[in-house]
Structure formats: structure tokens, C-alpha cells
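Taking it in order: structure first as C-alpha cells, then the write-up.
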Amino acid sequence: CENLFDHLSARLRLAGSPDHKLILCTNPISKSSWLYRRFVEDKNTDYVVHHSSVYDNKHLTKEYIKNLESTFQGSRRQMYLLGQWGSEVLASSVYFDFNTDHHVISLEANRSLPLYISVDQGVTNPTAVFVQVSSNGRLCLLDGVIGNKISTENFISLLQPKISAIAHNGKTIWIGDIAHEQRDSNLGSPAETYRQAGINLIMEKQGVESGHELVRNRMNQLIEGHPALVVAEDANRKLIDNFAEYSYQDRIHQGKNDPEPVNDIWKNWQDCVRYLTNYLFKQKQIGEKKKKEVANTKLKMIERKKALQY
């Protein structure tokens, strides 16, 4: 974002250096991007713009380029193959890389895996998505449910038949956000209702845009040749369409610390996806930290044994 660019520019300060440079390599989104304003419109002589396309890179194989050509069409082709500015629609799209040909596949629930249920209370329309994480780490979105002006208690009852119908190993992990602790008049908080139903709702506070970035990373990451986030082709059609329709309120959102998406009832589904992705990312960080601690402990034990031998 533009704020990060400014912070990095301010660190080009080593005394005695003959030449201070900051090189950016990016796929342009649209002319509403801060990149276009900063490097093209402002005509600052301190900036140099070099344009190139995928076809200029002599290190890429013909197979790789052919795969890009079959993957990206229209405005995405302009951006990712030709290095040209994309459309205004992509500028406001939160998940402009979502492609139904690649991210929507035939999926079956796995009876040996736990079931993640990520919920968003919303104002009047509580929402949930059902997800399993494959053994190789792929997020498999199986389906989604949205309630129509119902209480938390009734929403939990609405979810139970769906949970029973999805094959899993009997373990369910419920994810939400900290807003579930907010009290609703005399009814108590949604979190209290979940606890009364015997559900341990894991809640964490998180930034909106940082969560979007984690989801985008999943979409663009490949695991064994397929995206690290996929949606079942027989899932609620609105859930699938929502990935493509989910957009920012302000087209000129680039560079803002936490741009806001359009706030409608369908946004709740994407909040659910974001909560779960953020939770899994943190769990991975915790796991990696524990591995490092175990490795460091083993290393110290080996060093102590060697010291005792001498």
C-alpha cells in the first residue's frame, strides 16, 4: 500500500551510498490505484516507470505462459500477462483473483476430518460456513447458511441438521469474532447463547483488510497444482457468487489502512471465511513457534552433552 511505500522510502538514508533506490515490481490493478496516480499522473522526475509483459521474461517456460493464457481472460489478462492497467471493476473487487473455473470444484466431505463452522452474528441475519481442511492444508468450503431475522438460539438449531448431514469425524470447531460477546438488550450476548448450547466459540479480534489479504494469499497459493482455497460446486450458489461480487465501498481504496467492503447481508459470509482463515493462520504460527522451541531445546541438550564429555 502507499503508506508502506512511504515508510520504506524514508529508510533510504545510508550515508555515503552513491545511489539510493527503491524498486517496486507489481501488477497494476486499475488507473484508480495509487500506483497510477503516484508514478504516472504526478510526473515526478525522481520516478522511473519500466513496462514489461510476461512475454519479455526469457526465463519462463512456454508451458507456464500457456497456463497463464488459459487461466486469465479480459482485464486479468491485461494485468497478469500484458502488464497493462486493469478495469475499474477489479479495482473495487476484494477477491479479484477468484475464478469459478479454478476455485469451484467437485468436493465431498471427508469422514476422517473435523468440521469447522465459522459464524458471523450480523445485525439480523446470522451466517455460517462449513469448512474442512484437507491433510495437505487446503481449505475446502463445503456450504453456507444464512438465517433470516432469527435469534442466535434458533440459528444454532437451524445449523444442527446441516452439521449432522456433513460427513466428519465427530469433532466440530466453532470460530467467530469478538463481537459475539456484545450483549443484545436483555437476551445476553450471542457468545453466552453458544455456551449454553454446549458450544465453545473461539473468538478473536482481527483487522478486516489483513484478513482479506490472508484469504487472497490462500486463493493464489497452489497445493499440488490446485488452489489452497476451493468451494464445493454444489454449495449454496449465493456463497459462490459472493466471492466474485464482494467489493469495497470506495473504488479508490488502495493505500487505506482498513478499507471497508460494501455492507450488505451477503458480506457476512465473507466475514466467516475471514475469521476461519485468520484462525488457521495463527494456529500455524503457534505450531511453528513450538517446533522451533522443541528444536532449540534439543540443540541445547546436545551442546550440554558435548560439554560434559570434555
Side-chain angles (χ1 to χ4, degrees), residues 94-95 114-133 139-166 168 171-215 218 229 231-232 235-243 245-249 258-283:
V94 177
Y95 299 134
L115 180 65
Y116 290 89
I117 304 145
S118 186
V119 296
D120 183 76
Q121 187 61 24
V123 179
T124 57
N125 302 90
T127 310
V129 294
F130 304 100
V131 183
Q132 286 187 318
V133 181
L139 260 68
C140 302
L141 277 66
L142 302 172
D143 208 352
V145 172
I146 187 165
N148 183 19
K149 299 180 180 179
I150 61 175
S151 66
T152 303
E153 184 178 3
N154 288 337
F155 182 60
I156 293 173
S157 298
L158 178 68
L159 297 181
Q160 293 303 333
K162 188 70 178 178
I163 294 170
S164 300
I166 297 176
H168 61 287
K171 182 179 180 181
T172 56
I173 303 169
W174 295 71
I175 314 295
D177 76 330
I178 202 67
H180 282 85
E181 288 288 13
Q182 297 175 359
R183 298 185 67 84
D184 182 12
S185 64
N186 297 324
L187 300 177
S189 71
E192 290 173 354
T193 305
Y194 279 99
R195 284 191 286 268
Q196 291 169 2
I199 296 169
N200 176 31
L201 186 64
I202 301 171
M203 296 171 289
E204 294 178 345
K205 185 178 181 180
Q206 56 178 273
V208 175
E209 186 57 18
S210 60
H212 290 157
E213 189 61 29
L214 289 175
V215 177
R218 283 274 187 174
L229 184 152
V231 186
N236 190 310
R237 188 65 212 182
K238 191 60 184 178
L239 171 62
I240 297 173
D241 294 341
N242 186 242
F243 274 99
E245 297 168 0
Y246 190 45
S247 59
Y248 291 106
Q249 293 181 9
D258 222 6
E260 282 294 323
V262 174
N263 192 9
D264 57 25
I265 63 172
W266 309 114
K267 166 184 173 291
N268 298 351
W269 263 332
Q270 294 305 330
D271 286 341
C272 293
V273 175
R274 178 166 54 84
Y275 301 155
L276 176 61
T277 306
N278 186 74
Y279 168 77
L280 293 173
F281 176 74
K282 289 187 176 181
Q283 291 301 303

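- To the nearest 0.5 Å, atoms CD (Gln283) and CD1 (Ile202) are separated by 7.0 Å.
- Using a 4.5 Å cut-off on side-chain heavy atoms (C-beta onward), Phe243 and Leu141 make contact.
- Ser157 is linked by a side chain to side chain donor-acceptor pair (under 3.5 Å) to nothing, counting only residues two or more places apart in sequence or in another chain.
- Here the closest heavy-atom approach between residue Val119 and residue Cys272 is recorded as C-SG, 3.7 Å.
- With values rounded to the nearest 0.5 angstrom, Ile163 atom CD1 is found 3.5 Å from Ile117 atom CD1.
- Side-chain contact between Trp174 and Leu159: present, with at least one pair of heavy atoms (C-beta onward) separated by less than 4.5 Å.
- In this structure Leu158 satisfies the side-chain contact (heavy atoms from CB on, under 4.5 Å) test together with Val145, Ile150, Phe155, sequence neighbours excluded.
- With sequence neighbours excluded, the residues satisfying side chain to side chain donor-acceptor pair (under 3.5 Å) with Asp143 are Lys162.
- A heavy-atom distance below 4.5 Å is found between the side chains of Gln270 and Val273.
- His212 and Tyr246 have perpendicular rings, their planes meeting at more than 60° on a 0 to 90° scale where under 30° would count as parallel.
- Scored by the side chain to side chain donor-acceptor pair (under 3.5 Å) test, Glu213 finds Arg216 as partners (sequence neighbours excluded).
- Of all heavy-atom pairs between Ala235 and Leu142, the closest is CB-O, 3.4 Å.
- With values rounded to the nearest 0.5 angstrom, Ser151 atom OG is found 8.5 Å from Ile156 atom CD1.
- The minimum heavy-atom distance between Met203 and Asp177, with the atom names listed, is CG-O, 3.5 Å.
- Minimum heavy-atom separation, Ile199 to Gln160: CD1-NE2, 4.4 Å.
- Partners of Leu280 according to the side-chain contact (heavy atoms from CB on, under 4.5 Å) rule, which considers only residues two or more places apart in sequence or in another chain, are Tyr116, Val133, Leu139, Arg218, Leu276.
- Under the rule for a side chain to side chain donor-acceptor pair (under 3.5 Å), the partners of Thr152 that lie at least two apart in sequence or sit in another chain are Gln121.
- Ring centroids of Phe130 and His168 are separated by 6.0 Å or more, keeping the two rings apart.
- A salt bridge is defined here as a Lys NZ or Arg NE, NH1 or NH2 lying under 4.0 Å from an Asp or Glu carboxylate O, and Asp271 with Arg274 meets this definition.
- Nearest heavy atom pair, residue Thr127 against residue Asn125, reads OG1-O, 3.0 Å.
- Of the inter-residue distances, the one linking Ile175 atom CD1 with Tyr279 atom OH reads 5.0 Å to the nearest 0.5 angstrom.
- Taking CG of Asp120 as the reference point, atom OH of Tyr275 lies at 3.5 Å (rounded to 0.5 Å).
- In this structure, the side chains of Gln132 and Leu115 come closer than 4.5 Å at one or more pairs of heavy atoms.
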